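These numbers come from a predicted model, not from an experiment. Heavy-atom basis, side chains included; hydrogens, waters and symmetry copies ignored.
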Amino acid sequence: MASLKLTLGPLFFHWPADQLATFYNRVADEAPVDRVHVGEVVCGKRMPFSDPAWPDIIERLERGGKEVVLSTLAAPATVRERRAVEEWCADGRLVEINDITALPARSSRPFVTGPFVNVYNAATASFLVRHGARTICPPVELPLATIGAIAAGCAEAEFELFTFGRLPLALSGRCYHARLHGLHKDSCQFTCEQDPDGLAVDTLDGQSFLAINGVQTLSAQVQAVVLDPAELAAHNVLRLRLSPHGCDMVEVARTYRELVERRVEPNEARFLLSCLDLPGPMVDGYVRGEPGSQPPVPA
Amino acid sequence: MSGRMELVCPAGTPATLRAAVLAGADAVYCGFRDETNARNFPGLNFSSQEMAEGIRFAHGNGSKVLVAINTFARAENTDLWRKAADTAAACGADAVIAADIAVLDHMANSHPRTRLHLSVQAAAATPEAISFYAQAFGVRRVVLPRVLSVQEIAVLNRAIDVETEAFVFGGLCVMMEGRCHLSSYATGKSPNLNGVCSSPEAVSYVEDAEGTTARLAGFTIDRFGAGEPAGYPTLCKGRFTAGDKTGYLFEDPVSLNAGSMIVALKSAGVTALKIEGRQRGKGYVTEVVRAFRRAVDAAESGGDPVEIDGILAGLSEGGRQTTGAYRKTWR
């Protein structure tokens, strides 16, 4: 059995350019992942800050032997944002589309679909494959069994599971960081930069629940799917996506590498992850067809 | 855009369909009694026989019926969605409203003579996305995501050659529809897969001396003082704490009333105005459709916007109202 591949997904948060460089340089040198996504997917207003940083980061990652994927915006709206999507789609590297807006610009050339593109069945997956989809990371709410059913009906695509990180749950036309700080989206002052893993949203009882990140809402809890590699393979999952956070992502990647190469048991891998400075407690309900907020059941 | 604007009205039952038609709806939208439509509530929606009868009644009274098959077909059971599409076409639906590429593809291949409308659940908000759906599946109309301002809609309409339909009244999603998993994160049931949001079976109200706590699958969504009416705990309209602030972080518990925007939406090139509320009773639907019928007719005959606003001012969902994103206040 070939070992599962590991992908570092796109960063959802607004990190300063020097922090991006430090983070991705370390990924290039140390993280045992096969593929790394770069690019802003949540908010087009952040692009002027991160755009200048990407060329050097891409070069460094590629010199480090990583396959680089250019991720595009999940909700492009303005002319500038739509043009940015089109420009990235023209690149010779693999591109991730996160909105149908990108499809005409990328059609017939290979792409990845991210979890913001609604692939719920094999007919949709096959349609996208005919337009160039190679890797499909389905929406986070799908159970592993459903992903397996999609993959069984669409052998041409490689299926990737959103495995680690706060779950991307919703997008809005409204910026919640701006709203919280009494600001308008157009003059938001980039307050989202203060929260490198998003800002926790608690219930009135103080129970941790969600996190806001500009126009995005995530789970407060951290998806941490830790399954026997054979079970993932049985559902035709060939790649695991790890979503970047402020915790030690190199350690996260090492733990998953050991898991997929069967050097650690699932329970041990879960313990190793729990020792890291995660932004919230671990959950994995979605993969079992339960509410996404359900904690893992120890084997 | 020339031509009269079409008034598209909700029907959760055969009785509300008749009420909407008699109150002046140009078109009524409804769905089958299963997970294929985005308002899958107990006691709502149509059997295939009721759909056929409803369509006959509407056509006999000069109204159209648009059938919503606007959830995403679950991989293990795509036949349910395919059958819904086939039944809608066989019943003589004037259009099918769909979001899932699999459903759109099936309609385009198997029922090319049935009009296709792109559901708001597809969240298509750019000329590129809308044109893609038009070219790939022959989509003739797009229901616009509720995140666009009137100015943005005007610009969009100049860049596309399909009709647009805009929500003007009723419940308001603050998240992009079709891209929201908040409900399934808490309850396991989702708008995309099950056609339900913040589903009723997950709701509980806990009373104590201080008042009532409204919970959803164990998460407190809001708290109401003693004597204060307890609202339904729709997840995105609850009160939460972030940083040092507590309040309605995502959206106040308001509903949409863009009645004052009818003339502006017409100028922006919008073809059809949509009223939300398939879960509503026939009394409510009659009242809202009648008022909007008068307002749209007044707008069509060059009526004064202030007067039109007056016609609709009496309508209320029992709470505060907003014009949503249309006035650009979200920016």
Query raised in the report: Using non-hydrogen atoms and a limit below 4.5 Å, what part of residues 208-219 of chain B faces chain A?
Result: B:R215, B:G218, B:F219
Report task. Under 4.5 Å heavy-atom distance to chain B, tell me which part of A:Q294 shows up: side chain, backbone, both or neither. Result -> neither
Query raised in the report: Is it the backbone or the side chain of A:F209 that comes under 4.5 Å from a heavy atom of chain B, or both, or neither?
Result: both
Query raised in the report: Just wondering, are more than 12 heavy atoms of other shown residues or ligands nearer than 6.0 Å to CG in A:D91?
Result: yes
Requested in this report: For A:T101 and B:E128, work out which heavy atoms get closest and say how close.
Outcome: O-CB, 3.5 Å
Report summary line: Rounding to 0.5 Å, atoms OG (A:S126) and CD1 (B:I101) come to a distance of 11.5 Å
Query - Under 4.5 Å from a heavy atom of chain B, the part of A:L183 involved - result: neither
Query raised in the report: Which of the residues B:N192, B:I130, B:L104, B:V155 is involved in the greatest number of heavy-atom pairs with chain A at under 4.5 angstrom?
Result: B:N192
Query raised in the report: What residues of residues 191-199 of chain A sit under 4.5 Å from chain B when you count only heavy atoms?
Result: A:L199
Report summary line: Rounded to the nearest 0.5 angstrom, the CD-OG1 distance for B:E152 and A:T78 is 9.5 Å
Query raised in the report: How about B:F137 and A:F127: are their ring centroids closer than 6.0 Å?
Result: yes
Query - NZ/NE/NH1/NH2 to OD/OE distance under 4.0 Å, B:D252 and A:R179 - result: yes
Query - OG-CG distance between B:S190 and A:L169, expressed to the nearest 0.5 angstrom - result: 11.5 Å
Report summary line: Turns out that what part of B:T241 lies under 4.5 Å from chain A's heavy atoms comes down to both
Query - Residues A:N118 and B:D100: side-chain donor-acceptor under 3.5 angstrom - result: no
Query raised in the report: Would you say A:E158 has more than 12 foreign heavy atoms packed within less than 6.0 Å of its CD?
Result: yes
**Report entry** Whether over 12 other heavy atoms sit under 6.0 Å from A:R288 CZ
**Finding:** yes
**Report entry** Nearest-0.5 Å distance that lies between atom OG in A:S293 and atom CG in B:L182
**Finding:** 11.0 Å
Query raised in the report: Measuring heavy-atom distances to chain A, does B:A73 have an atom under 4.5 Å in its side chain, in its backbone, in both, or in neither?
Result: both
Query raised in the report: By a 4.5 Å heavy-atom criterion (distance strictly below it), what part of B:S184 contacts chain A: side chain, backbone, both, or neither?
Result: both
**Report entry** For B:M175 against A:S172, the heavy-atom pair lying closest together
**Finding:** SD-CB, 3.9 Å
Query raised in the report: Which one, A:I150, A:D99, A:V140, leads in non-hydrogen pairs under 4.5 Å with chain B?
Result: A:D99
Query raised in the report: Side chain, backbone, both or neither: which part of B:A124 has a non-hydrogen atom closer than 4.5 Å to chain A?
Result: neither
Report summary line: Turns out that what part of A:A75 lies under 4.5 Å from chain B's heavy atoms comes down to both
Query raised in the report: Where do B:F132 and A:H131 come nearest, in terms of heavy atoms and distance?
Result: CE1-NE2, 4.0 Å
Report summary line: Under 4.5 Å to a heavy atom of chain B? For A:I147 that would be neither
**Report entry** Proximal component of A:T217, with respect to chain B [non-hydrogen, under 4.5 Å]
**Finding:** side chain
Report summary line: In short, side chain to side chain donor-acceptor pair (under 3.5 Å) pairs touching residues 102-111 of chain A with sequence neighbours left out are none
Requested in this report: Tell me yes or no: between the side chains of B:Y185 and A:E141, is some donor less than 3.5 Å from an acceptor?
Outcome: no
Requested in this report: Tell me, for B:N77 versus chain A, whether the close heavy atoms (under 4.5 Å) come from the side chain, the backbone, both or neither.
Outcome: neither
Requested in this report: Hey, could you give me the CG/NZ distance between A:L180 and B:K245, rounded to the nearest 0.5 Å?
Outcome: 5.0 Å
Query - Side-chain (B:R74) to main-chain (A:T146) donor-acceptor, under 3.5 angstrom - result: no
**Report entry** Inter-chain contacts: residues 200-207 of chain A against chain B, heavy atoms under 4.5 Å
**Finding:** A:A200, A:V201, A:D202, A:T203, A:L204, A:D205, A:Q207
Report summary line: Of the listed B:A129, B:S183, B:A202, B:P145, the one with the largest count of heavy-atom pairs under 4.5 Å with chain A is B:A129
**Report entry** Side chain / backbone / both / neither for A:A125 at chain B, heavy atoms under 4.5 Å
**Finding:** neither
Requested in this report: Identify which part of A:V283 has an atom lying under 4.5 Å from any heavy atom of chain B, answering side chain, backbone, both or neither.
Outcome: side chain
Report task. With side-chain contact (heavy atoms from CB on, under 4.5 Å) as the test, would you mind laying out the steps for B:F250 and A:I212 before giving the verdict? Result -> CA-CA 9 Å; B:F250 301 106; A:I212 55 173; 3.7 Å; yes
Requested in this report: Check the pair B:E251 / A:R174 against side-chain contact (heavy atoms from CB on, under 4.5 Å), numbers first and verdict last.
Outcome: CA-CA 9 Å; B:E251 174 64 297; A:R174 170 179 270 177; 3.2 Å; yes
Report summary line: For B:A75 and A:A149 the tightest heavy-atom approach is CB-CB, 3.9 Å
Query raised in the report: What is the distance from atom OH of A:Y120 to atom OG1 of B:T71, rounded to the nearest 0.5 Å?
Result: 10.0 Å
